[in-house]
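What follows is a short report on a single structure.
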Amino acid sequence: MTTQQQTSYQLPELPYNFGALVPVISAEIMELHYLKHHKGYVTNLNAALEKYHEAESKNDMAAMVALQSAIKFNGGGHINHSIFWTILAPISQGVHEGPQGHLAKMIERDFSSFDLFKEKLSALSIGVQGSGWGWLGYNKNLKRLELASCSNQDPLSSQGLIPVLGIDVWEHAYYLQYKNVRADYVKAIWQIFNWRHIEERFAKACL
Ligand code: MN3
């Protein structure tokens, strides 16, 4: 992997250890998810970007276009997972009571209540066909919160929204613990959302 030294994208540090999200997410899932899946996206992104820069230097537009799906997939995977790790926190940290302040007010304004928001985002995430993500995003033009689902690793920016909170519903995120019952995983993940960090992400999105 000679490409890795020359490129800038790196696996970000996990803000807690692999077992920190037990019982909601097992240590085995965390280790595989972070060290195999996320690391794979970073490695493949750097390799694709290096090929892209090479093609660009040769003005090889056909090669540049051909590389774009690999950049979207692996770049999206890197973006999405870099967000995902930070919006979760161990149950012992006690930041899971739900949003406060501006985010709480905006959720109430745009979804009527926190419970309705939770219900809608859960249903949307459970309903993603195949692999993908459910998101709470901020629509900067309309100044409102919106829910959206994305296929594969498409980043939420491809729908014109700033990601605030995302639920990874790829099977690799839950299958070892929840088997095929995605709904149980989505229900459980609400216990480990780091609302203080999610509020910070929302505040930045509003700037
Ligand atoms: Mn994943």
Side-chain angles (χ1 to χ4, degrees), residues 1 4 7-49 68-91 93 96 118 121-137 147-159 161-195 197-198 201:
M1 292 293 148
Q4 272 181 317
T7 47
S8 52
Y9 294 101
Q10 286 177 352
L11 190 63
E13 224 169 284
L14 202 61
Y16 34 73
N17 60 44
F18 293 136
L21 304 181
V22 171
V24 175
I25 299 177
S26 72
E28 189 184 14
I29 288 178
M30 283 304 297
E31 186 170 352
L32 284 167
H33 201 173
Y34 174 76
L35 277 184
K36 301 293 176 188
H37 293 276
H38 190 171
K39 194 177 179 186
Y41 300 128
V42 173
T43 302
N44 294 332
L45 171 64
N46 287 333
L49 284 174
Q68 281 175 1
S69 71
I71 294 170
K72 183 177 185 181
F73 182 78
N74 293 294
H78 178 47
I79 291 167
N80 292 337
H81 289 85
S82 298
I83 296 168
F84 190 59
W85 311 131
T86 65
I87 60 162
L88 303 176
I91 287 179
Q93 280 187 17
H96 315 291
K118 183 175 170 180
L121 179 57
S122 296
L124 181 81
S125 303
I126 292 163
V128 169
Q129 290 191 339
S131 298
W133 292 71
W135 288 100
L136 169 68
L147 301 179
S149 59
C150 291
S151 298
N152 304 310
Q153 295 296 359
D154 294 358
L156 191 61
S157 58
S158 60
Q159 297 193 32
L161 300 174
I162 302 172
V164 176
L165 179 173
I167 303 177
D168 184 347
V169 291
W170 280 59
E171 284 186 344
H172 68 224
Y174 60 87
Y175 200 89
L176 287 174
Q177 190 173 352
Y178 296 90
K179 301 294 183 279
N180 59 316
V181 191
R182 184 189 279 178
D184 286 353
Y185 156 72
V186 170
K187 189 178 172 194
I189 204 168
W190 291 87
Q191 297 171 64
I192 52 168
F193 281 135
N194 183 343
W195 286 106
H197 182 73
I198 295 164
R201 291 191 55 82

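Every number for a ligand or one of its atoms is a count from 1 in the order of the listing. FYI, the numbering just counts along the sequence from 1. Both backbone and side-chain heavy atoms feed into the values below; hydrogens, waters and symmetry mates do not. Small disclaimer: the values here were computed from a predicted structure and weren't measured.
Among the atoms of His37, no N, O or S atom falls under 2.8 Å of the Mn ion (ligand 1). At least one N/O/S atom of His172, from backbone or side chain, sits under 2.8 Å from the Mn ion (ligand 1).
Rounded to 10°, the angle formed at the Mn ion (ligand 1) by NE2 of His33 and NE2 of His81 is 90°.
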| Should Phe193 and Ile87 be marked as a side chain to side chain contact (heavy atoms under 4.5 Å, CB included) after you check the CA-CA gap, both sets of side-chain angles, and the distance that decides it? | CA-CA 6 Å; Phe193 281 135; Ile87 60 162; 4.1 Å; yes
| said: Is there a side chain to side chain donor-acceptor pair (under 3.5 Å) between Trp85 and Glu13? Walk through the geometry before answering. | reply: CA-CA 9 Å; Trp85 311 131; Glu13 224 169 284; over 6 Å; no
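For Asn74 (side chain) and Ala70 (main-chain N/O), a donor-acceptor pair under 3.5 Å exists by modelled atom type.
The Mn ion (ligand 1) lies closest to atom OD2 when only the N/O/S atoms of Asp168 are considered.
For the atom pair OH (Tyr41) and OG1 (Thr43), the distance works out to 12.0 Å, reported to the nearest 0.5 Å.
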